[in-house]
Undergrad: 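Just passing along the structure, written as C-alpha cells.
Everything numeric in this text was worked out from a predicted model, so none of it was measured. This chain uses plain numbering: 1 for the first residue, then up along the sequence. What's counted below: heavy atoms across the whole structure, side chains too, no hydrogens, waters or symmetry copies.
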Amino acid sequence: MQCTQTEVLHSSPVNSSCLFVVISPGNIIGSGIFVSPKGVLENCSSVGLALIVWTLTGVITAISALCYAELGVTIPKSGGDYSYVKDIFGGLAGFLRLWIAVLVIYPTNQAVIALTFANYALQPLFPSCFPPERALGLLAAVCLLLLTWINCFSVRWATRVQDVFTTGKLLALCLIIIMGVVQICKGHFYWLEPEHAFHPLQPYDMGRIALAFLQGSFAYAGWNFLNYVTEELIDPYRNLPRAIFISIPLVTFVYVFANIAYVTAMSPQELMASNAVAVTFGEKLLGVMSWIMPISVALSTFGGVNGSLFTSSRLFFAGAREGHLPRLLAMIHVNRCTPIPALLFTCISTLLMLCTSDIYTLINYVGFINYLFYGVTVAGQIVLRVKEPDLHRPIKVSLAWPVIFLIFWAFLLIFSLYSEPVVCCIGLAIMLSGVPVYLFGVYWENKPKSFNSFVAKLTHLGQKLFMVVYPAEGSEDGNEDKDESG
C-alpha cells in the first residue's frame, strides 16, 4: 500500500486554520531562551544592552517575517526560502540554500538543542561543577537516537510527544516570569537600575555585539516555519500576517521579561558562570522545589529536538521534488508514512555535530549561515518587485522593511566575520562546496548510463532496506495517517 502526498500532509500539525495562530509562537519558543541569555550577555557586556539586543532581535524578526509573508503568498510553494531563492535567483542559489540547510543548519540546530537538554538534565547531578563533556555528548546522542526512532515509527507518536513536552517550556517560562515579577515587587532590581544596567563588565565591542545578535536570533528560530508548509495552509493571505502580528510580539515580550527575571535573582557574573541559567535561577528562588526548573527545561528541549526532526522532512521533500536531492531522501514508509531515510540522514549528520560540546560556537556557526541566506531571500523580494512589478501579491509590504532588514543584515555579517573569522569562513566553505556537487549532480543532465544505473540500484536497495516509496500524487480525500496499520 502506497502513501499519497495528501496523506503525508494530513499528518501535519498545521493543517487547520484554527490552530494556525497558536502553533507559531509555540514553534518559536524553545530551548534558545534557556541557553542564549548567557551568550547574549557575555557579548553585550552589560545587562541594559543585552535587553536592548533581545528587543531589537524581536523587531528584526518581525520585519523579516513580514517580508517572508509576501514571498510566501507570491510564491506559494512549500520549502520556504529554498523555494523563493530557487525561483528568483535560479537553481544554483536554491541548491546552495538547500545544501547548507541539510548539512549545517538542521543538524547544528538539533545538536544545540540536544546538548541543552543534556546540560539541564545533568546539572542537578553536578551542582558544584559543569557536567563532563563526554557525559553531555552521550546523553545528547541518546536523546537524538530515541526521538529519531519515534519519528521513524509513527507520525502520531511524534505529534503526541510534541504536545506533551510543549508543556515543559510553558511551565518553565511562566514560573521564571512570575518569580521575576515577585522579585521586582520585593525591590530586587539592582541590575535593572540605569546606572547599573549599562555599567560595562568589559569594554563594548561592535563585533561582539554582532555575535550577541546571532546568539539572540537562535532563540527566535522557528519564525519562518509556516513558510515551509505554505501549500498546506488554509487561507494563508489572512493567517500568515495574523500569525506574525500575534506571535512575534508575544515571543519578544516573553524573552525580554524572562531575561529581566534572571537578573533579579543573580548577578551578571553569576549568569555568565552558569551553563544552565534556569537551573541556577531555580536554585536561588525555589529552594526545595528547585528540581522543577531542570525537569521543565529538559522536557522543553526534548520536545524541541522532536519538533526539529518532525519538520525537517518537508525541506527534504521539497528539494527532492525539484531534483536537487536524491529521491530516496523524500521517500516514506509504505505503511507508517514516515520519512525514514531523511530522518536517518539528519540523525547521522547531527551526531557528527555532537563531536563538539561547545554550544555557543555552534550557535554562532548556524546563526551566521542562517542570516546569510535570510538576507539573500529578502534581497530576492526586492529583485522580484523590479523584475515582475505586476505579479499578483495578495500581501504587499512597503519596500522600506526589506531595506531596513538588509542594512541590519550587512552590519551583522560584517562584524560577525570580523569577530569570528574561522567559524564564519568554515560555514562559507561548506556552502561553496555545494557548487561542484550542483554542477555534477543537477546541472550535468546527460550522465553516463552506467552512473544512472548505479544510482538507481542504490535507490532500489534503500527502498527495500527501509520499505519506503516516493509519495504518489494522491487525491484530496486521503485518509489521516496509517501509523497504526503497521
Undergrad: Please walk me through it: do Glu322 and Asp87 pass side-chain contact (heavy atoms from CB on, under 4.5 Å)?
TA: CA-CA 11 Å; Glu322 299 292 340; Asp87 283 11; 5.9 Å; no

Undergrad: Salt bridge check: are Glu70 and Arg385 linked by an N-O gap of less than 4.0 Å?
TA: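 Salt bridge flag = yes for Arg385 with Glu70.
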
Undergrad: Cut-off 3.5 Å, side chains only: do Gln123 and Asn275 have a donor facing an acceptor?
TA: no

Undergrad: At their closest point, which heavy atom of Leu406 faces which heavy atom of Val378, and how far apart are they?
TA: CG-CG1, 4.3 Å

Undergrad: Looking at Phe89, I'd like to know if its CZ atom is crowded, meaning that more than 12 non-hydrogen atoms belonging to other residues, nucleotides or ligands lie closer than 6.0 Å.
TA: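 Yes - once you tally the heavy atoms of other residues, nucleotides and ligands closer than 6.0 Å, there are more than 12.
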
Undergrad: Distance-only criterion, 3.5 Å: show the donor-acceptor pairs between side-chain atoms of residues 200-211 and protein atoms not counting sequence neighbours.
TA:
| from | atom 1 | to | atom 2 | distance (Å) |
| --- | --- | --- | --- | --- |
| Gln202 | NE2 | Glu42 | O | 3.0 |
| Tyr204 | OH | Ser46 | OG | 3.0 |
| Tyr204 | OH | Phe198 | O | 3.1 |
| Asp205 | OD2 | Gly207 | N | 3.1 |
| Asp205 | OD2 | Arg208 | N | 2.9 |
| Arg208 | NH2 | Glu42 | O | 3.0 |

Undergrad: Just by distance, do the side chain of Ser290 and the backbone of Gly287 share a donor-acceptor pair under 3.5 Å?
TA: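 Side chain of Ser290 to backbone of Gly287, a donor-acceptor pair under 3.5 Å: yes, one is there.
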
Undergrad: Taking Ser274 for the side chain and Leu271 for the main chain, is one N or O donor matched with an acceptor at less than 3.5 Å?
TA: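 Looks like no, no N/O pair under 3.5 Å.
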
Undergrad: With a 6.0 Å cut-off on the ring centroids, do Phe411 and Phe415 count as close?
TA: yes

Undergrad: Is there a donor-acceptor pair closer than 3.5 Å between any side-chain N or O of Ser308 and the backbone N or O of Val305?
TA: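 Side chain of Ser308 to backbone of Val305: no pair is present.
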
Undergrad: Who passes ring-ring contact (aromatic ring centres under 6.0 Å, His included) against Phe281, sequence neighbours left out?
TA: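 Tyr262.
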
Undergrad: Which pairs pass ring-ring contact (aromatic ring centres under 6.0 Å, His included) with one or both residues in residues 48-75, sequence neighbours excluded?
TA: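 As it turns out, the ring-ring contact (aromatic ring centres under 6.0 Å, His included) pairs with a partner in residues 48-75, which skip direct neighbours, are Trp54-Tyr255, Tyr68-Trp223.
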
Undergrad: Centroid separation under 6.0 Å, is that true for the rings of Phe213 and Phe408?
TA: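 Centroid separation for Phe408 and Phe213: below 6.0 Å.
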
Undergrad: Can you tell me if Asn43 uses its side chain to pair, donor with acceptor, with the backbone of Gly39 under 3.5 Å?
TA: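 Indeed, once roles are kept as given, a pair shorter than 3.5 Å links the two residues.
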
Undergrad: Quick one: does any side-chain atom of Trp99 pair with a main-chain N or O of Ser433 as donor and acceptor, under 3.5 Å?
TA: no

Undergrad: Among side-chain atoms of Tyr438 and His324, is any donor-acceptor pair under 3.5 angstrom?
TA: no

